[in-house]
Structures are given as structure tokens and as C-alpha cells.
**Student:** 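So that we are looking at the same thing, I have put the structure below in C-alpha cells.
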Amino acid sequence: MTLTQSSKKTSGFSWKVLILPVSVFLVVAFSLGPILWQFLTSVKTNEAIVAIPNVYFPSFDQLTLNHYIELFARRPFLRYIFNSAFVAFTSTLLCLGFGAPAAYALARLKIPGRQLILTGVLIVTLFPYILLFLGLLELVKALNLGNNYLALIVPYTAINLPLTILVMRSFFQQLPKDLEDSAKVDGYGTVGMLLKIVLPMTLPALVTTGILTFIFSWNEFIFALTFITVEEMKTLPVAAAQLGGASIFEIPYGTIAAATVLGTVPLVVLVLFFQRKIVQGLTAGAVKG
Amino acid sequence: MSGSNIRDRQRLTGWVLVTPALLILLLVYAYPIGRAFWLSLFTQNLGTELEAVFSGLSNYARIWGDGAFWNSIVNTTIFTVVALVLELVFGMAIALVLDRSFRGRGTVRTIAIIPWALPTAIMALAWTWIFNDRYGVLNDILMRLGLIDTGINWLGNPTLAMVSVIVADVWKTTSFVSILLLAGLQSIPQDLYEAHAIEGATPWQSFRQITLPLLMPQILIASLFRFAQSFGVFDLIQVMTGGGPAGATEMVSLYIYSTVRRYLDFGYGAALVVVTFLILIAVVAFTFYLLEKVRKSAGVDI
């Protein structure tokens with residue numbers, strides 16, 4: 001009697017204990033599954049890739065690095081990576097350079113129309129890029145900026161400015177105001193105080209927004225697809241998406257998989273290092289704005 | 001006298017700091033949208049040899065009778081609503097899991113963000129491969145489980161193609177929703193739950209009566225962002241199906257894109273941009289209204 005009761009209790013208990021580990025496992029499998037499958041595909045020989053039933057974990061003689069070699073030897077993949085990195089990095093710097101001062105002014109200084117500007121900034125974060133691409137296409141043509149990095153750098157700076165302004169503004173609002181007051185007593189002007197006192201304290205917040213800006217710029221697709229048509233200036237997402245192969249009968253699955261791995265690795269590394277900052281930035285930008 | 005001087009200088013500095021950012025925003029956001037309104041009153045296509053010819057509201061009359069456009073609106077709405085609901089459900093589930101304490105929680109939280117950070121166009125390639133009819137891993141798993149005998153042509157069937165792009169979108173963006181919801185969960189004081197439990201409430205009741213109402217602002221904000229992004233979805237569809245098969249996954253953004261890029265119909269494309277913009281603004285305004293209401297009622301209740 002006591003035995004059955006206690007065994008009943010433990011069996012009921014053990015089920016509940018399983019819920020959390022199983023759900024944690026599901027979250028991990030859900031998040032990593034597609035990426036892992038892509039990685040496994042990228043290191044398999046073509047024969048293993050098209051084997052039916054599928055080869056999940058390739059044996060030693062089914063392993064190859066040929067798909068990666070193909071990307072660098074027969075296509076300008078290093079160039080694509082450089083293009084993506086250059087465009088993303090430059091627009092991040094510009095975005096912080098223009099966005100942080102604006103955020104400071106909107107947080108601290110009394111400017112007429114401040115509320116209007118903030119509402120505008122908040123609303124444009126919701127505009128999908130398709131609404132902008134026609135007007136920008138005309139501008140790019142009129143200014144003869146097609147196949148010029150500026151055709152990407154300027155829009156990328158702009159599309160990240162709203163988030164930068166919102167995140168940085170909420171950061172400046174949390175800075176103690178005494179600090180700036182005492183700097184003013186010490187004879188600093190607004191700009192001098194910004195550069196010498198506020199900016200150094202702001203570095204962590206700049207890193208936070210900078211990472212988000214970099215990610216959004218690296219991932220952008222529609223402008224990069226439209227404004228850049230020369231092969232050696234394409235960014236990585238566009239170049240990867242266009243790896244169609246010579247004919248539809250011969251889709252280079254392995255090469256595509258290798259390209260997707262290369263396109264995702266930098267971002268995975270960023271997430272691993274800056275998880276906390278990304279979460280901070282996203283919640284500050286979305287919730288506090 | 002000197003007080004007003006200081007205020008003037010502060011104002012001037014403020015404007016100097018704000019203006020560069022404002023100019024860039026006006027150039028990249030305000031100009032294209034304003035330009036679309038203006039250009040929508042003109043016909044500018046191959047028929048007019050790409051000259052802009054004033055044609056009043058004729059572009060809008062054409063939209064009214066354009067079955068392909070309304071089809072894309074219907075597709076986009078289905079895509080957006082289904083994806084949004086699934087993202088909220090999964091996002092909430094993941095946030096609840098990540099809110100528990102367990103060993104390695106930091107690592108799992110990091111992993112859960114990864115899908116959000118990856119380029120959509122590139123992950124669309126990955127999902128195309130997963131859904132591949134001959135060698136795709138999804139068909140392989142289903143066959144091993146004995147659920148199907150032959151591979152399903154996921155991206156070749158109109159309904160299944162829609163299902164596939166929704167699955168890919170949910171995978172990609174659920175992490176964004178769960179990040180926002182997790183932040184909201186962490187701000188709910190624990191004693192609320194303890195008091196509730198003492199009163200004899202079950203976990204489900206606590207979820208319904210405490211978590212959901214207090215999380216409403218985050219849920220609405222996440223929905224707002226996700227709605228706007230889904231409604232303009234481009235990369236994912238362009239890479240996975242190109243709008244096919246037979247227009248089954250043709251979204252508004254793809255329709256606008258091909259109107260402008262393939263058919264060079266600039267005036268009509270501009271009118272499509274305007275209509276899409278107005279629909280979006282209407283929904284956003286409605287959500288803001290709801291958000292305001294929720295915030296007010298939360299302020300009164302607590």
C-alpha cells in the first residue's frame with residue numbers, strides 16, 4: 001500500500017520534472033536545427049547531399065571542403081564579404097555619428113517640435129523598405145549612384161537612425177543630470193561637454209546600438225539587390241541568393257549551403273559575444289520608445 | 001536677459017545636433033513617400049516612353065480593378081495574420097521557458113536569439129533546401145516516421161508553399177517576439193504570483209490573470225513591429241518562391257517590385273506604394289489607439 005502510493009508519487013513527480021528540460025531542448029533544437037542542417041550539407045560531398053534516404057552525419061569519406069573552395073576560387077566571395085562588412089561598418093559609424101548627438105538633444109535640450117520629431121521617428125521605424133525603394137531608385141539614378149557604395153551606405157544609415165535615436169535617447173535620459181550641470185559650472189560649452197564628459201560614459205550604449213545597426217545593415221536585401229548590379233560590388237546576402245547555378249537542373253546545393261554558412265557565421269559570433277547588449281538595445285528601442 | 005540668451009543658445013545647439021540626422025531621415029523616408037504620392041498622379045511607363053504624363057487618379061482607378069494586386073493583398077494578410085499569431089504563441093512559450101531558472105540558461109538565451117540575427121535572404125535559402133521535394137530533410141523525416149510514402153512538393157503546391165514561407169518566417173522572427181516578452185516577464189514582480197498562489201490559483205489562472213494582462217503592452221508592441229515587417233515581407237518570399245507557384249505567395253512588396261523593376265511601370269508602382277502606405281498607417285494608428293487604452297487601464301488597475 002505505502003509502496004504503490006510512493007511509486008505513484010514519484011512517477012507523477014518525474015513527469016513534471018521532465019517538462020522544463022524537454023522544453024529547453026525544444027527551444028535549442030528549434031533555434032539551431034536549420035543552421036546545423038545547412039552546415040552539415042556544406043561539408044558533404046555532392047553524392048552524400050543527394051543520397052536518398054538523407055545522410056545526416058557524413059562518414060569520413062563523405063566529408064569535403066570543396067564547396068567552400070569553390071566559393072573562394074571560382075567566385076569573388078572574399079569580395080562579397082568585404083563589401084558587406086565595409087558597407088555595414090561605415091553606415092554604423094555614420095549612424096552613431098549623426099544619431100547620438102540628435103538623441104542627446106532630444107533627451108536633454110528644449111527644442112521646439114521635439115514631440116513631433118520623436119513621434120515621426122517612432123512611426124518610420126515601422127515602414128517596410130518596399131515603400132522607399134521606388135523613390136530611392138529614382139534618386140540613385142538621378143545622382144548617378146548606381147553601383148556605388150554610397151547608394152547603400154546612405155539608406156542604411158537612415159534606416160538605422162530611428163532605432164539609434166530611440167535607444168540612445170533613453171540612455172541619455174538615465175544619465176545623472178548633475179554631471180552635466182557641474183561640467184557647465186566648470187566652463188564647458190554644450191559641445192565640449194558632450195565630447196569630453198558625456199561621450200566617454202556613453203560608450204557602452206554606443207556599442208549596443210552599433211551592434212544592432214551592423215546586424216541590420218549586414219542583413220539588408222532589397223536595396224542591395226536593386227542598387228548594386230556589378231558582380232564585384234554585391235553584398236553577401238544578394239550574392240548568396242543569386243547562386244542559382246547554370247541551369248535549374250543543376251542547383252549547387254553544397255555551394256549554396258557553404259555560402260549560407262559564411263553569411264551567418266559573423267552574425268552568430270556577434271550574438272555569442274554581445275547577447276546581453278542585443279537584448280538591451282532591442283527592448284530599449286521597442287519598449288521605451 | 002541673460003537667461004533668455006542661454007535658452008536661445010541651447011535651442012540653437014539643439015537644432016545643430018538634430019538637423020543632420022533629420023535631413024537624412026527626410027531624404028530617405030519623407031522624400032520617397034512624398035514622391036510616390038506625386039508620381040501616382042502620372043502615367044510613366046513603357047507606353048509613354050518613360051515620360052511622366054499627368055493622368056489624374058487613373059492609376060487609382062486601375063488599382064480598383066487590378067485583381068492581381070488584391071490577390072497580393074489577400075496573400076499578404078493571410079501570411080501576416082497567421083505568422084503573427086504563431087509568433088506570439090511560440091514567442092510566449094519560449095519566453096516562459098527562458099524565464100525559468102535552469103543550468104545553462106544564459107547559453108540557451110543566447111542560442112534563442114540567433115535566428116533573429118541572421119540574414120533573412122540567407123536563411124530563406126536554408127529553408128528552401130529543407131523544403132526541397134527530392135532531397136529535403138523535412139520529407140526525409142516524414143518518410144522515416146512513416147507519415148508519407150513519397151516526398152511532398154512543398155514549394156510547388158499553392159497551399160503548401162504558403163505554409164512553407166510562414167514556417168520559415170515564424171522560425172526567423174519568433175526570437176524577436178520572445179526577447180520582448182521575456183523583458184516584460186522579468187519586470188513582473190514575483191510576489192504577485194506568490195500572493196495569487198496562496199489564494200489557491202493554479203498556474204494557468206495566474207498566467208491568465210497576472211501574466212497576460214501585465215504583458216499586454218509588450219504583446220501589442222511586438223505585434224505592431226511584426227505586423228509592419230510581415231506586411232512588407234520581401235527577402236524571404238523572393239528567395240523561397242519568387243511569389244509562386246501561380247501567384248500563391250505573391251505579396252504586396254513583390255507585386256510592387258515587379259511592377260517597377262520588370263514592367264517599368266513607375267506611375268502605377270507609385271500608386272501601389274501609396275495604397276500600401278495608407279493601409280499600413282491605418283492599422284498602425286489603430287494599434288496605437290489600443291496600446292494607449294491598455295496603458296491607461298493598466299495604470300488604473302494597479
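Letters A, B, ... are given to chains in the order of the sequence lines, protein chains preceding strands, and every chain is numbered from 1.
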**Student:** Please identify, among B:A112, B:G232, B:A117, B:P115, the residue contributing the most non-hydrogen atom pairs under 4.5 Å to chain A.
**Tutor:**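 Of B:A112, B:G232, B:A117, B:P115, B:A117 has the most heavy-atom pairs under 4.5 Å with chain A.
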**Student:** With a 4.5 angstrom heavy-atom cut-off, which part of A:L131 approaches chain B: side chain, backbone, both or neither?
**Tutor:** both
**Student:** So do the side chains of B:W116 and A:V271 get within less than 4.5 Å of each other, counting heavy atoms only?
**Tutor:** no
**Student:** Measure across B:W127 and A:P34 and return the closest heavy-atom pair with its distance rounded to 0.1 Å.
**Tutor:** CZ2-CG, 3.5 Å
**Student:** Which of parallel (below 30°), tilted (30 to 60°) and perpendicular (above 60°) describes B:F234 and A:F221?
**Tutor:** tilted
**Student:** Side chain, backbone, both or neither: which part of B:L12 has a non-hydrogen atom closer than 4.5 Å to chain A?
**Tutor:**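 Neither part; nothing is under 4.5 Å.
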**Student:** May I ask you to test the A:I256-B:W129 pair for a side-chain heavy-atom distance under 4.5 Å?
**Tutor:**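 No, too far: nothing below the 4.5 Å cut-off.
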**Student:** Which of the residues A:L106, A:I165, A:L225 is involved in the greatest number of heavy-atom pairs with chain B at under 4.5 angstrom?
**Tutor:** A:L225
**Student:** Test B:V18 against A:R114 for side chain to side chain contact (heavy atoms under 4.5 Å, CB included), laying out the working first.
**Tutor:** CA-CA 10 Å; B:V18 169; A:R114 176 166 74 168; over 6 Å; no
**Student:** How close do A:G263 and B:P119 get, heavy atom to heavy atom, and via which atoms?
**Tutor:**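 Between these two residues, the closest heavy atoms are O-CG, 3.9 Å.
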**Student:** Take A:I117 and B:L22 through the side chain to side chain contact (heavy atoms under 4.5 Å, CB included) test and state the conclusion after the steps.
**Tutor:** CA-CA 8 Å; A:I117 296 175; B:L22 220 49; 3.8 Å; yes
**Student:** Please name all residues satisfying side chain to side chain donor-acceptor pair (under 3.5 Å) with B:S223, sequence neighbours left out, ordered by chain then number.
**Tutor:**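 Not a single residue meets the side chain to side chain donor-acceptor pair (under 3.5 Å) criterion with B:S223.
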**Student:** Which bit of B:I141 is near chain A, if near means a heavy-atom gap under 4.5 Å: side chain, backbone, both or neither?
**Tutor:** both
**Student:** Are side-chain heavy atoms of B:R105 and A:V24 found at a separation under 4.5 Å?
**Tutor:**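 No, their side chains stay 4.5 Å or more apart.
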**Student:** Quick check for you: among B:A121, B:S253, B:A30, which has the greatest number of heavy-atom pairs under 4.5 Å with chain A?
**Tutor:**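 If we count pairs closer than 4.5 Å to chain A, B:S253 comes out on top.
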**Student:** Using a 4.5 angstrom heavy-atom cutoff, name the option from A:T226, A:T125, A:L32, A:L270 with the most pairs to chain B.
**Tutor:**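 Most heavy-atom pairs within the cutoff with chain B belong to A:T226.
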**Student:** Using the side chain to side chain donor-acceptor pair (under 3.5 Å) criterion, which residues pair with B:T259? Sequence neighbours excluded.
**Tutor:**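 B:T259 satisfies side chain to side chain donor-acceptor pair (under 3.5 Å) with no other residue.
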**Student:** Answer with side chain, backbone, both or neither: which region of A:Y253 has an atom nearer than 4.5 Å to a non-hydrogen atom of chain B?
**Tutor:**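 For A:Y253, the side chain is the part near chain B, not the backbone.
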**Student:** Which atoms form the tightest heavy-atom contact between B:I122 and A:A240, and what is the distance?
**Tutor:**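 Closest heavy-atom pair between B:I122 and A:A240: CG1-CB, 4.1 Å.
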**Student:** Between B:L254, B:T174, B:I256, B:V239, which shows the greatest number of heavy-atom pairs under 4.5 Å with chain A?
**Tutor:**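 Looking at each of B:L254, B:T174, B:I256, B:V239 in turn, B:I256 comes out on top.
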**Student:** Heavy atoms only, distances under 4.5 angstrom: which of A:I215, A:L132, A:L267, A:T260 has the most pairs with chain B? Name it, please.
**Tutor:**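 So the answer, after comparing A:I215, A:L132, A:L267, A:T260, is A:L132.
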**Student:** Quick check on A:I159 against chain B: is it the side chain, the backbone, both or neither that has a heavy atom closer than 4.5 Å?
**Tutor:**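 The answer is both parts of A:I159.
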**Student:** So which part of A:T164 gets closer than 4.5 Å to some heavy atom of chain B, the side chain, the backbone, both or neither?
**Tutor:**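 Looking at A:T164, nothing touches chain B.
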**Student:** Could you check whether any side-chain heavy atom of B:L17 comes within less than 4.5 Å of a side-chain heavy atom of A:L109, counting everything from C-beta outward?
**Tutor:** yes
**Student:** At a heavy-atom separation under 4.5 Å, does B:A270 approach chain A through its side chain, its backbone, both, or neither?
**Tutor:** both
**Student:** For atom CZ of B:F102, is the number of surrounding heavy atoms from other residues, nucleotides or ligands below 6.0 Å larger than 12?
**Tutor:**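 Enclosed.
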**Student:** Could you tell me whether a side-chain N or O of A:N219 sits under 3.5 Å from a main-chain N or O of B:T120, the two making a donor and an acceptor?
**Tutor:**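 Side chain of A:N219 to backbone of B:T120: no pair is present.
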**Student:** Should we say atom CZ of A:F273 is surrounded by more than 12 heavy atoms from elsewhere, each under 6.0 Å from it?
**Tutor:** no
**Student:** Where on A:V124 is there a heavy atom nearer than 4.5 Å to chain B: the side chain, the backbone, both, or neither?
**Tutor:**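 Both the backbone and the side chain of A:V124 come within 4.5 Å of chain B.
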**Student:** Find out whether B:I114 and A:S31 are in side-chain contact, i.e. whether some heavy atom of one side chain is under 4.5 Å from a heavy atom of the other.
**Tutor:** no
**Student:** Is there any residue in residues 131-140 of chain B with a non-hydrogen atom under 4.5 Å from a non-hydrogen atom of chain A, and which ones are they?
**Tutor:**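 At a heavy-atom separation under 4.5 Å, chain A is reached by B:N132, B:R134, B:Y135, B:G136, B:V137, B:D140.
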**Student:** If you compare all heavy atoms of A:Q275 against all heavy atoms of B:G106, which two are closest, and at what distance to 0.1 Å?
**Tutor:** NE2-O, 4.3 Å
**Student:** Under the side chain to side chain contact (heavy atoms under 4.5 Å, CB included) criterion, do B:L39 and A:E138 qualify, and how do the steps go?
**Tutor:** CA-CA 11 Å; B:L39 195 62; A:E138 281 189 330; 3.5 Å; yes
**Student:** Measure distances from B:R100 to the heavy atoms of chain A and classify the residue's part below 4.5 Å as side chain, backbone, both or neither.
**Tutor:**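 Contact with chain A: side chain only.
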**Student:** Check whether A:I19 gets within reach of chain B through its side chain, its backbone, both or neither, counting any heavy atom under 4.5 Å.
**Tutor:**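 Neither the backbone nor the side chain of A:I19 comes within 4.5 Å of chain B.
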**Student:** Against chain B, label A:L26 side chain, backbone, both or neither, depending on which of its atoms sit under 4.5 Å from a heavy atom there.
**Tutor:** neither
**Student:** Quick check on B:L182 against chain A: is it the side chain, the backbone, both or neither that has a heavy atom closer than 4.5 Å?
**Tutor:** neither
**Student:** Step by step, would you call B:L27 with A:L139 a side chain to side chain contact (heavy atoms under 4.5 Å, CB included)?
**Tutor:** CA-CA 10 Å; B:L27 178 76; A:L139 275 181; 4.0 Å; yes
**Student:** Does CZ belonging to A:R276 count more than 12 external heavy atoms closer than 6.0 Å?
**Tutor:**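 Not more than 12 within 6.0 Å, no.
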**Student:** Can you tell me if A:F39 has over 12 outside heavy atoms packed within less than 6.0 Å of its CZ?
**Tutor:**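 Atom CZ in A:F39 is not packed in, count stays at 12 or less.
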**Student:** Under a 4.5 Å heavy-atom cutoff, which of B:T110, B:I179, B:V273 has the most pairs with chain A?
**Tutor:** B:T110
**Student:** Could you pull out the closest heavy-atom pair between A:T283 and B:A183, with the gap in Å?
**Tutor:** CG2-CB, 3.3 Å
**Student:** Side chains of B:Y31 and A:L136: does their closest heavy-atom pair fall under 4.5 Å?
**Tutor:** no
**Student:** Side chain, backbone, both or neither: which part of B:S187 has a non-hydrogen atom closer than 4.5 Å to chain A?
**Tutor:**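 No part of it gets close to chain A.
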**Student:** Is it the backbone or the side chain of A:L212 that comes under 4.5 Å from a heavy atom of chain B, or both, or neither?
**Tutor:**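 Contact with chain B is through the side chain of A:L212 alone.
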**Student:** Checking heavy atoms, do the side chain of A:F274, its backbone, both or neither come under 4.5 Å from chain B?
**Tutor:** neither
**Student:** What part of A:V154 is in contact with chain B, defined as an atom under 4.5 angstrom from a non-hydrogen atom: side chain, backbone, both or neither?
**Tutor:**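 A:V154 touches chain B through backbone and side-chain heavy atoms alike.
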**Student:** Surrounding OH of A:Y56 (heavy atoms of other residues, nucleotides or ligands, distance under 6.0 Å), is the total greater than 12?
**Tutor:**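 Correct, the count exceeds 12.
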**Student:** So for B:M143, is it side chain, backbone, both, or neither that comes closer than 4.5 Å to the heavy atoms of chain A?
**Tutor:**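 Contact with chain A involves no heavy atom of B:M143 at all.
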**Student:** I'd like to verify something: which residue of B:L96, B:L98, B:L125 has the highest number of heavy-atom pairs under 4.5 Å with chain A?
**Tutor:**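 Of the options given, most contacts go to B:L125.
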**Student:** Is B:R103 close to chain A through its backbone or its side chain, or both, or neither, when contacts mean heavy atoms under 4.5 Å?
**Tutor:** neither
**Student:** Going by side chain to side chain donor-acceptor pair (under 3.5 Å), name the residues that satisfy it together with B:Y255, two or more places apart in sequence or in a different chain.
**Tutor:**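 Residues passing side chain to side chain donor-acceptor pair (under 3.5 Å) with B:Y255: B:D66.
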**Student:** Write down the atom of A:L20, the atom of B:S101, and the distance for their closest heavy-atom approach.
**Tutor:**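 Here A:L20 and B:S101 meet closest at CD2-O, 4.1 Å.
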**Student:** With side chains defined as the heavy atoms from C-beta onward, is the minimum distance between A:L126 and B:L280 less than 4.5 Å?
**Tutor:**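 Of all side-chain heavy-atom pairs linking B:L280 with A:L126, none is under 4.5 Å.
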**Student:** Go through B:T128, B:T107, B:L118 and name the one with the most non-hydrogen pairs under 4.5 angstrom from chain A.
**Tutor:**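 Heavy-atom pairs under 4.5 Å are most numerous for B:L118.
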**Student:** Need one label for B:F90: side chain, backbone, both or neither, based on atoms under 4.5 Å from any heavy atom in chain A.
**Tutor:**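 For B:F90, there is no contact with chain A at all, as no heavy atom is under 4.5 Å.
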**Student:** Got B:W15 and A:P112 here, is their nearest side-chain heavy-atom distance under 4.5 Å?
**Tutor:** yes
